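Both ligands and their constituent atoms are indexed starting at 1 by order of listing. The chain is numbered in sequence order, starting from 1. Given the structure is predicted, the values throughout are model-derived calculations rather than measurements.
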Amino acid sequence: MFEVKEIKETALAENPVIERMSQYNHEQLLFCNDNATGLKAIIAVHNTTLGPALSRTRMWAYNNELEALHDVLRLSRGMTYKNAISGLNLGGGKAVIIGDARKQKNEALMRRFGKFVNSLAGKYITAEDVGISTADMSYVKMETDHVVGLPGKSGDPSPVTAYGVYMGMKAAAKLQFGSDSLSGKKIAVQGVGHVGEYLVEHLTKEGAKVSISDIHEDTLQRVAKKYNASVIGLEDIYSIDMDIYAPCALGATVNDDTLKKLKCSIIAGAANNQLRNEAIHGEVVKDKGIMYVPDFMINAGGVINCYAEVKSFSAEWAMTKAEEIYNRTISIINRSKESNIPTYKIANTMAEERINAIGNIKLPM
Ligand code: NAD
């Protein structure tokens with residue numbers, strides 16, 4: 001079901017939409033246009049085997065439609081894998097609104113978008129992402145019930161995400177160092193925003209030696225002072241003597257350049273798409289003996305938090321679910337060691353196995 005089709009460039013040029021959908025087996029795309037509000041959006045539903053597609057809506061000033069299409073197809077597929085491996089009964093989807101959020105976003109546009117979400121009758125559930133606030137989601141909610149992340153509901157997902165990352169990090173430490181205690185371990189956290197700061201709190205409580213970097217000097221100094229963490233330069237973070245590197249800012253920081261410098265034994269952080277090129281850098285990391293905890297698995301706390309809101313589960317339920325990231329990390333790393341296959345590939349396979357297994361359940365006669 002998940003085999004990736006090789007598609008020739010000519011075919012893509014002639015059939016830019018459906019050929020691209022079929023490459024990763026997307027179920028449905030909804031192109032949304034409304035001249036009155038200026039809304040231009042794409043909602044992608046990748047796979048609903050496990051349940052409705054849930055993910056955030058991003059508003060971004062894409063250079064062209066093809067760029068938006070590429071983004072929405074890639075991100076919606078990623079959500080299928082994240083939701084599947086996290087044991088959630090959710091499929092994968094994504095929505096992008098094309099435009100400048102600071103200039104074009106208003107009540108009418110968000111409500112018009114909400115009507116489009118509603119037209120999918122629950123197949124896609126949305127929440128806020130880059131360029132969209134929880135207040136914007138309140139407008140969406142006026143037109144559809146298929147929305148989460150509203151003010152006063154599940155709230156900021158970052159504490160759940162940080163807890164999941166902390167759990168995954170401890171599990172990797174158990175297999176790499178023989179104990180899951182992080183006490184005395186040298187850990188570098190890149191980016192101390194929402195998730196990074198909560199992670200630093202867990203780590204310092206446990207007695208880890210934490211170094212932090214951030215492009216915002218005020219944030220950096222505040223967090224350093226609050227948790228007695230060491231401050232480190234933006235580039236120096238790749239070359240310092242550390243046990244664990246925790247990327248919690250940007251994607252693609254594990255790449256040809258940084259891998260020449262990184263001396264860590266574990267990579268475990270919240271950022272999405274940490275490996276610049278999965279196929280290349282996933283192998284290099286493994287060959288260097290570094291345990292890479294797959295990003296989409298370890299950072300699933302955010303979607304777990306949204307799922308709790310969909311199901312009206314408690315905040316405690318979300319934390320307990322995030323705790324499962326510990327055992328999942330152990331399984332992935334053990335399978336990777338047994339098979340000599342990189343951890344990112346094992347995680348993808350585990351997600352596919354669950355989708356295929358649940359998809360094959362037959363109703364009794
Ligand atoms: P955030 O914007 O609150 O924090 C990111 C921090 O990184 C900011 O303080 C920013 O100044 C800093 N930063 C940016 N560039 C940097 C650089 N080059 N070096 C060092 N610091 C830099 O974001 P967040 O919500 O904490 O999320 C962090 C990462 O985790 C993002 O990649 C996000 O996509 C991912 N993520 C977050 C959640 C969540 O629940 N918030 C869930 C899943 C994944």
Side-chain angles (χ1 to χ4, degrees), residues 54-58 60 71 74-75 78-79 81-83 85-86 88 90 92 94 127-134 148-149 153-169 187-202 210-224 226-227 229-240 245-255 257-258 261-262 267-276 293-309 315 318-319 321-322 325:
L54 185 149
S55 90
R56 296 155 187 277
T57 295
R58 165 174 296 190
W60 194 254
D71 211 25
R74 183 180 64 87
L75 293 167
M79 285 309 298
Y81 281 74
K82 180 184 291 234
N83 292 337
I85 200 164
S86 305
L88 304 175
L90 291 174
K94 188 79 189 177
E128 107 285 0
D129 194 9
V130 179
I132 308 277
S133 66
T134 51
V148 290
K153 292 289 181 126
S154 60
D156 177 12
S158 310
V160 188
T161 305
Y163 185 61
V165 171
Y166 173 55
M167 285 294 113
M169 195 183 272
I187 305 176
V189 180
Q190 181 180 46
V192 283
H194 287 93
V195 181
E197 180 172 352
Y198 285 112
L199 180 63
V200 169
E201 185 178 354
H202 288 297
V210 178
S211 304
I212 59 173
S213 74
D214 201 290
I215 49 168
H216 289 123
E217 194 58 27
D218 48 348
T219 309
L220 184 66
Q221 294 303 337
R222 182 183 57 74
V223 176
K226 188 168 168 190
Y227 300 101
S230 309
V231 166
I232 184 158
L234 293 177
E235 283 303 313
D236 298 339
I237 193 157
Y238 301 115
S239 49
I240 56 162
Y245 167 53
C248 295
L250 310 166
T253 62
V254 181
N255 54 49
D257 294 337
T258 59
K261 305 179 205 163
L262 280 171
I267 298 174
N272 285 310
N273 306 318
Q274 292 167 26
L275 304 173
R276 176 165 289 161
V293 186
D295 47 15
F296 73 91
M297 188 281 300
I298 197 173
N299 73 11
V303 75
I304 289 172
N305 201 55
C306 286
Y307 186 66
E309 187 176 328
M319 288 306 243
K321 194 76 187 162
I325 289 172

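- On a distance-only criterion, His194 and ligand 1 share at least one N/O pair closer than 3.5 Å.
- Nearest protein heavy-atom neighbour of atom 43 (C) of ligand 1: Asn299 O, 3.4 Å.
- Backbone and side-chain nitrogen or oxygen atoms of Asp214 are examined, and one is located within less than 3.5 angstrom of a nitrogen or oxygen of ligand 1.
- Only side-chain heavy atoms of Leu250 come within less than 4.0 Å of ligand 1; its backbone N, CA, C and O stay farther off.
- To the nearest 0.5 angstrom, Asn272 atom CG is 5.0 Å from Asn299 atom CG.
- Between the side chains of Tyr245 and Thr258, not a single donor N or O lies within less than 3.5 Å of an accepting N or O.
- Protein heavy atoms all stay at least 4.0 Å away from atom 23 (O) of ligand 1.
- With a 4.0 Å heavy-atom cut-off, ligand 1 is reached by the side chain of Leu234 but not by its N, CA, C or O.
- The CG atom of Asp295 sits 6.5 Å away from the CG atom of Leu275 when rounded to the nearest 0.5 Å.
- Judged by distance alone, with hydrogens and angles left aside, the side-chain atoms of Lys94 form no donor-acceptor pair with the main-chain N or O of Thr57 at under 3.5 Å.
- For ligand 1, the atoms closer than 4.0 angstrom to any heavy atom of Asn272 are 32 (O), 34 (O), 44 (C).
- Nearest non-hydrogen protein atom to atom 4 (O) of ligand 1 is Gly193 CA, 3.3 Å.
- Of the listed residues (Asn305, Ile237, Asp295, Thr161), the one carrying the non-hydrogen atom nearest atom 42 (C) of ligand 1 is Thr161.
- Listed by number with element, the atoms of ligand 1 under 4.0 angstrom from any heavy atom of Cys248 are 5 (C), 28 (C), 29 (C).
- Closer than 4.0 Å to atom 2 (O) of ligand 1 lies none of the heavy atoms of the protein.
- Annotation: atom 44 (C) of ligand 1 to nearest protein heavy atom, Ala270 O, 3.4 Å.
- Between Tyr166 and His202, the ring-plane angle classifies as parallel under the 30° and 60° cut-offs.
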(request) Check the pair Val148, Lys153 against side-chain contact (heavy atoms from CB on, under 4.5 Å), reporting the backbone distance first and the verdict last. (result) CA-CA 8 Å; Val148 290; Lys153 292 289 181 126; over 6 Å; no
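- Atom 37 (C) of ligand 1 has Val195 CG2, 3.8 Å as its closest protein atom, hydrogens excluded (heavy atom only).
- The protein heavy-atom contact nearest to atom 17 (C) of ligand 1 is Ile215 CG2, 3.7 Å.
- In this structure, CD1 on Ile267 lies 5.5 Å from CG on Leu262, to the nearest 0.5 angstrom.
- No donor-acceptor pair closer than 3.5 Å links the side chain of Gln190 to the backbone N or O of Ile237.
- Residues Cys306 and Ala127 approach most closely at SG-CB, 4.4 Å, considering heavy atoms.
- Per-residue contacts place Pro157 under 4.0 angstrom from the following atoms of ligand 1 (heavy atoms of the residue considered): 40 (O).
- Checking only distances, His216 does come within under 3.5 Å of ligand 1, N or O to N or O.
- Scanning the protein heavy atoms around atom 31 (C) of ligand 1, the nearest turns out to be Ala249 O, 3.5 Å.
- Taking every non-hydrogen atom of Ser158 and a distance limit under 4.0 Å, the qualifying atoms of ligand 1 come out as 40 (O), 41 (N).
- Considering backbone and side-chain atoms alike, Val192 places every N or O at 3.5 Å or more from each N or O of ligand 1.
- Of the possible donor and acceptor atoms, none in the side chain of Ser211 sits under 3.5 Å from a partner among the backbone N and O of Ser230.
- Proximity of a side-chain donor or acceptor of Asn273 to a complementary backbone N or O of Gly251 within less than 3.5 Å is not detected.
- Note that the CZ atom of Arg58 and the CG atom of Asp71 stand 5.5 Å from one another [nearest 0.5 Å].
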